[in-house]
Amino acid sequence: MRSVFYEGEVCAVARALIGCVVRHGGTAGVIVETEAYHEREPACHAYVGRTPRTITLFGPPGYAYVYRSYGVHALLNAVAEPEGVGAAVLIRALEPLEGIELMRARRGRERIEELCSGPGKLTQALGIELAHNGGDLSRGPVTITAAGAPVPEITVSRRIGITRAVELPWRYSLAGSRFVSRRGSSLATAG
DNA sequence: CATGGGATTGACT
DNA sequence: GTCAATCCCATGC
């Protein structure tokens, strides 16, 4: 995918990523849930400005921002908006597509709905780690490629698990998918 | 250098 | 519904 795709407004990128395919280490899945984060709102790591942690967010779009959450999980984001603007799309859930047995082994779970239905789950299933921070998503090892399917119906809701800017409706999910994470508040259908 | 807080998950009540 | 695990890093002294 050409990085120009990621240069647009981060919410548009978050919406457009639904249906795209994430690949790594013999596994792949279709994105069914994303969230947008932007430097102008306090839930975004880039809100504090450029630090060693956030420098990737201010870099060119189309690169991976991977960080450790709660000391336990690695979370995958796609950097968006032009270089110099801190913004990214959190990849929150996938529908497993390839390498499902490998995902089961990595996750220690059998049910296909439990393999990638959360931001920490999908990185474990795909073997994505902090070392992938800063990687080019068009070249790998972690890649995101465009969807072949028509534009999907998307549900919009508020972001999950944050304590600031909780009112922003910046969470996008594939309508009706059974592979989205289930920890959020009720979904409000839109666009 | 010490401290505090998570863009979560899974086990348990 | 409640809660601990666990570590990176931003902040403050």
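To find a chain, count down the sequence lines: A is the first, B the second, and so on, and within it residues start at 1.
Taking atom CD on A:E114 and atom P on B:dT8, their separation rounds to 18 Å, with Å as the unit. When the P atom of B:dG5 is taken as reference, atom OH of A:Y47 falls 18 Å away, rounded to whole Å. The distance from atom CD of A:E41 to atom P of B:dA7 is 11 Å, rounded to the nearest whole Å. Taking atom CZ of residue A:R159 and atom P of nucleotide B:dG6, one finds them 14 Å apart after rounding to whole Å. Atom pair A:R158:CZ and B:dA7:C1' shows a separation of 16 Å (rounding to whole Å applied). Between A:H45 atom NE2 and B:dG6 atom P there is a gap of 9 Å when expressed in whole angstrom units. If you take CZ of A:R111 and P of B:dG10, they are 12 Å apart, rounded to a whole angstrom. Rounded to whole Å, atom P of C:dC7 lies 14 Å from atom CD of A:E129.
Between A:R164 and B:dG5 there is no side-chain polar atom (N or O) within less than 4.0 angstrom of OP1 or OP2.
A salt bridge does not link A:E35 with A:R159: every distance from a Lys NZ or Arg NE/NH1/NH2 to an Asp or Glu carboxylate oxygen is 4.0 Å or more. Salt-bridge annotation for A:E98 and A:R23: present, with a side-chain N of the basic residue lying under 4.0 Å from a carboxylate O of the acidic one. Salt-bridge annotation for A:R107 and A:E114: absent, with no side-chain N of the basic residue lying under 4.0 Å from a carboxylate O of the acidic one.
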Check your understanding: Once Watson-Crick and G-U wobble pairs under 3.5 Å are found, how is DNA chain B written in dot-bracket notation, 5' to 3', with | for any base paired to another strand?
Key -> ||||||.|||||.
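Contact of the A:R92 side chain with the A:I31 side chain is not registered, since no non-hydrogen atoms from C-beta on lie closer than 4.5 Å. The side-chain heavy atoms of A:I144 and A:L17, taken from C-beta on, include a pair separated by under 4.5 Å.
Counting only heavy atoms from C-beta on, A:N77 has its side chain closest to B:dA7 among B:dT9, B:dA11, B:dA7.
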Practice item. For side-chain hydrogen bond (donor to acceptor under 3.5 Å, both in side chains), just list the numbers for A:E95 and A:S177, CA-CA rounded to whole Å, side-chain angles, deciding distance to a tenth of an Å, and then say yes or no. Key: CA-CA 8 Å; A:E95 177 174 342; A:S177 173; 4.9 Å; no
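With centres under 5.5 Å and a plane angle under 30° as the test, the ring of A:Y70 is not stacked against the base of C:dA5.
Annotation for A:F58: atom CZ counts as buried by contact number, over 12 foreign heavy atoms lying within 6.0 Å.
Of the two residues contacting DNA chain B, namely A:Q124 and A:G71, the nearest-nucleotide position lying further toward the 5' end is that of A:G71.
Residue A:R109 is in sugar-phosphate contact alone, with no base atom involved, counting any heavy-atom pair closer than 4.0 Å across all strands shown. A:L75 comes within 4.0 angstrom of sugar-phosphate atoms only, judged by non-hydrogen atoms across all strands, and of no base.
Judged by distance alone, the side chains of A:Y65 and A:H45 do bring a donor and an acceptor atom under 3.5 Å apart.
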Review point. What is the per-nucleotide protein-contact pattern of nucleotides 8-13 of chain C, from the 5' end, where B denotes a base atom under 4.0 Å from a protein heavy atom, S denotes such proximity for sugar-phosphate atoms only, and - denotes neither?
Key: SSSS--
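Here A:V85 is tied to no hydrophobic group at all, with no ILVMFWY side chain closer than 4.5 Å.
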